[in-house]
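Just so we're on the same page: letters track the sequence lines, and every chain starts at 1. Everything numeric in this text was worked out from a predicted model, so none of it was measured.
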There are 2 protein chains.
Amino acid sequence: MGSKKVDRRIKYTKMVLRESFINLLEKKDISQISIKEICEDADINRSTFYAHYNDQYDLIEKIQNQLFENIEMHLSAFTQNDLPIVPVDMVEQIFECIQENARLCKLLLSERGDLNFQKRVLMLVYEKIISDLTRGGTISKEDAEYIYAFTLTGCIGAIQKWLNDDMNKSPRFMAETIIRLTTLVL
Amino acid sequence: MGSKKVDRRIKYTKMVLRESFINLLEKKDISQISIKEICEDADINRSTFYAHYNDQYDLIEKIQNQLFENIEMHLSAFTQNDLPIVPVDMVEQIFECIQENARLCKLLLSERGDLNFQKRVLMLVYEKIISDLTRGGTISKEDAEYIYAFTLTGCIGAIQKWLNDDMNKSPRFMAETIIRLTTLVL
DNA sequence: GCTGTTTAACAACACCGTGTTTAATAAAAA
DNA sequence: TTTTTATTAAACACGGTGTTGTTAAACAGC
């Protein structure tokens with residue numbers, strides 16, 4: 001099952017490269033991090049880096065892939081027992097996965113984060129939560145702060161969609177929609 | 001009023017640099033765009049670029065500043081007549097401003113977009129809409145698509161906040177909060 | 001409009017990171 | 001042990017970077 005045929009040297013190289021890269025990402029933007037810098041920090045030859053990755057962006061993508069594979073594994077193990085899937089539990093699972101990879105997730109989602117990662121998280125959330133929640137129901141209590149976070153980025157999502165649709169709705173319609181959704185939540 | 005003391009050469013230089021840069025941004029990611037490339041496209045000496053900007057990221061920030069100043073001007077002109085501010089109208093104004101700068105906004109908010117810009121739009125939306133909407137009320141009709149866009153990015157906002165708060169709430173609480181907000185809107 | 005002064009744009013320069021290739025070495029796998 | 005293969009060091013051409021002093025154009029005063 002587990003492909004244990006991976007050379008130990010490769011394991012080590014990838015490990016230290018990822019570690020050094022993540023350390024650097026906590027200090028500065030990815031665009032300011034040179035491959036030379038990563039290799040020096042990891043004490044790995046630059047040629048070896050190129051044997052595994054094309055550049056920093058390829059490396060960060062591989063790291064993201066690994067993270068998502070990890071999360072998918074957790075979730076599939078959760079849904080494998082044929083019990084009825086309780087949405088709340090499923091979401092809880094996702095948050096637990098995020099918590100387990102807190103350092104990396106925080107890095108990829110924060111200010112200097114990665115828009116590509118945001119999109120992938122968005123897709124994950126969509127697949128695992130939203131699509132299974134086609135039922136209505138009143139949600140009860142909350143911390144006001146989280147509703148704000150929810151509402152704020154929700155507005156941005158609507159604006160993005162509006163632009164992607166080449167603004168085939170009027171500003172008026174959009175304004176009303178945004179106001180509606182906002183007040184609905186608050 | 002207008003500071004017309006700006007050298008015509010500077011005006012031209014900045015204009016063509018911004019134009020070339022935006023053209024390139026429509027083709028590839030900012031990280032793949034070299035300063036040399038921008039200058040060749042604009043037919044401007046590289047040294048001249050450095051006289052005005054530090055790098056590509058400085059340039060995009062200046063472009064964003066200009067955009068936001070533009071939007072702020074529109075909005076202040078809108079609120080200057082001491083009529084009561086109708087939130088819907090205000091939001092409509094914002095969307096009209098976005099529409100006027102559609103090309104640039106779409107660029108900065110799309111896949112290859114800028115997280116920094118997202119944050120600034122978020123702040124603008126917060127200041128102009130959310131903070132003025134501390135009243136409740138049922139919002140009526142809608143296009144389902146926009147609610148989805150709103151909900152999806154809203155979840156991401158909650159996750160980001162959760163990570164920024166060092167996850168001082170339990171995964172369970174977060175799961176319940178997300179579910180609550182989601183079903184509330186749907 | 002013509003002047004001298006200011007300053008923006010320019011060309012040339014040294015520097016550094018990149019990506020690739022070579023042969024040599026060391027370590028893992030069979 | 002033998003075979004296979006990953007890592008390494010060194011060298012390479014290439015291209016983008018950021019700064020230098022020089023040239024040319026816009027500005028202010030008359």
Side-chain angles (χ1 to χ4, degrees), chain A residues 1-66 112 114 116, chain B residues 1-66 69 107 112 114 116:
Chain A
M1 199 180 175
S3 50
K4 291 191 173 181
K5 306 172 185 179
V6 185
D7 197 304
R8 287 175 249 166
R9 289 170 293 183
I10 296 180
K11 274 188 187 174
Y12 174 79
T13 297
K14 289 188 173 179
M15 195 188 72
V16 289
L17 280 177
R18 286 163 193 226
E19 191 141 336
S20 296
F21 182 53
I22 292 172
N23 282 336
L24 287 169
L25 269 178
E26 282 181 336
K27 294 174 196 158
K28 42 177 141 176
D29 190 275
I30 184 174
S31 63
Q32 316 248 23
I33 299 174
S34 69
I35 296 173
K36 188 190 178 190
E37 205 174 0
I38 302 170
C39 294
E40 280 177 353
D41 189 275
D43 195 30
I44 294 290
N45 194 283
R46 225 155 37 79
S47 310
T48 308
F49 180 96
Y50 288 111
H52 297 290
Y53 309 105
N54 296 324
D55 50 33
Q56 314 101 303
Y57 302 93
D58 186 37
L59 174 55
I60 204 174
E61 193 185 326
K62 299 277 174 63
I63 291 176
Q64 285 175 25
N65 289 344
Q66 191 179 274
R112 294 201 286 266
D114 186 351
N116 208 319
Chain B
M1 202 180 177
S3 49
K4 291 190 173 183
K5 304 172 184 178
V6 185
D7 197 304
R8 286 174 253 166
R9 292 170 292 183
I10 297 180
K11 274 188 186 174
Y12 174 79
T13 297
K14 289 189 174 180
M15 196 187 71
V16 288
L17 280 178
R18 285 165 193 225
E19 191 141 337
S20 297
F21 182 52
I22 291 173
N23 282 336
L24 287 170
L25 269 178
E26 283 181 335
K27 294 174 197 162
K28 42 177 142 177
D29 190 274
I30 185 174
S31 63
Q32 316 249 22
I33 299 174
S34 68
I35 297 172
K36 188 191 179 189
E37 205 174 1
I38 302 170
C39 295
E40 279 178 353
D41 188 274
D43 195 30
I44 294 290
N45 194 284
R46 256 180 49 252
S47 310
T48 307
F49 180 97
Y50 288 111
H52 297 290
Y53 311 103
N54 297 324
D55 50 33
Q56 312 103 303
Y57 303 93
D58 186 37
L59 173 54
I60 204 174
E61 192 185 327
K62 299 278 172 65
I63 290 176
Q64 286 175 25
N65 289 344
Q66 191 179 275
E69 281 171 20
L107 207 56
R112 294 201 287 266
D114 185 352
N116 208 320

Seminar exercise, completed: When every non-hydrogen atom of A:A42 is compared with those of A:V16, the smallest separation belongs to CB-O, 3.7 Å
Seminar exercise, completed: Sorted by chain and number, sequence neighbours left out, side chain to side chain contact (heavy atoms under 4.5 Å, CB included) with A:E26 holds for A:N23, A:R103, A:L107
Exercise. Is it true that B:K27 and B:E37 have a side-chain N and a carboxylate O under 4.0 angstrom from each other?
Worked result: no
Exercise. Looking at the side chain of B:I35, which of D:dT7, D:dA9, D:dT17 is the nearest nucleotide?
Worked result: D:dT17
For this session: Would you mind reading off the distance between B:L17 atom CG and C:dA8 atom P, rounded to a whole angstrom?
Result: 14 Å
Exercise. Atom CD1 of B:I10 to atom C1' of C:dA8: distance rounded to whole Å?
Worked result: 6 Å
Problem set entry | A:K14 side, atom NZ; A:I44 side, atom CD1 - distance, nearest 0.5 Å | 12.5 Å
For this session: Check the distance between C:dC10's P and B:E40's CD and give it to me in whole angstrom.
Result: 13 Å
Seminar exercise, completed: To the nearest angstrom, the CD-C1' distance between B:Q32 and C:dG19 comes to 15 Å
Exercise. Are A:I60 and A:N116 side-chain neighbours, meaning at least one heavy-atom pair lies under 4.5 Å?
Worked result: no
For this session: Would you kindly check whether a donor in the side chain of A:R46 faces an acceptor in the base of C:dG17, or vice versa, at under 3.5 angstrom?
Result: no
Problem set entry | A:N45 vs D:dA9: side-chain N/O to OP1/OP2 distance below 4.0 Å | yes
Exercise. If only side-chain N and O atoms of A:S34 are considered, is one of them under 4.0 Å from the OP1 or OP2 phosphate oxygen of C:dC16?
Worked result: no
For this session: Give the rounded distance in Å between these two atoms: CD1 of B:I38 and C1' of D:dG16.
Result: 12 Å
If you restrict it to nitrogen or oxygen atoms, what contacts under 3.5 Å exist between nucleotides 22-27 of chain D and the protein, and what is each distance?
from   : atom 1 : to   : atom 2 : distance (Å)
D:dA25 : N3     : B:R9 : NH1    : 3.2
D:dC27 : OP1    : B:R8 : N      : 3.4
D:dC27 : OP2    : B:R8 : NE     : 2.6
D:dC27 : OP2    : B:R8 : NH2    : 2.1

Seminar exercise, completed: Atom CZ of B:F49 and atom P of D:dT19 are separated, to the nearest Å, by 13 Å
Seminar exercise, completed: Nearest heavy-atom approach of A:I30 to A:Q56 is O-NE2, 3.9 Å
For this session: For residues A:Y53 and A:R18, report the shortest heavy-atom separation together with the two atoms involved.
Result: OH-NE, 3.3 Å
For this session: Tell me which of A:S47 and A:H52 sits closer to the 5' end of DNA chain D, going by the nucleotide each one is nearest to.
Result: A:H52
Problem set entry | Interatomic distance where CG belongs to A:N54 and C1' belongs to C:dT20 [whole Å] | 13 Å
Problem set entry | Residue met sooner reading DNA chain C from 5', once A:I33 and B:T13 are mapped to nucleotides | B:T13
Seminar exercise, completed: Taken to the nearest whole Å, NZ/B:K36 to C1'/C:dG17 is 15 Å
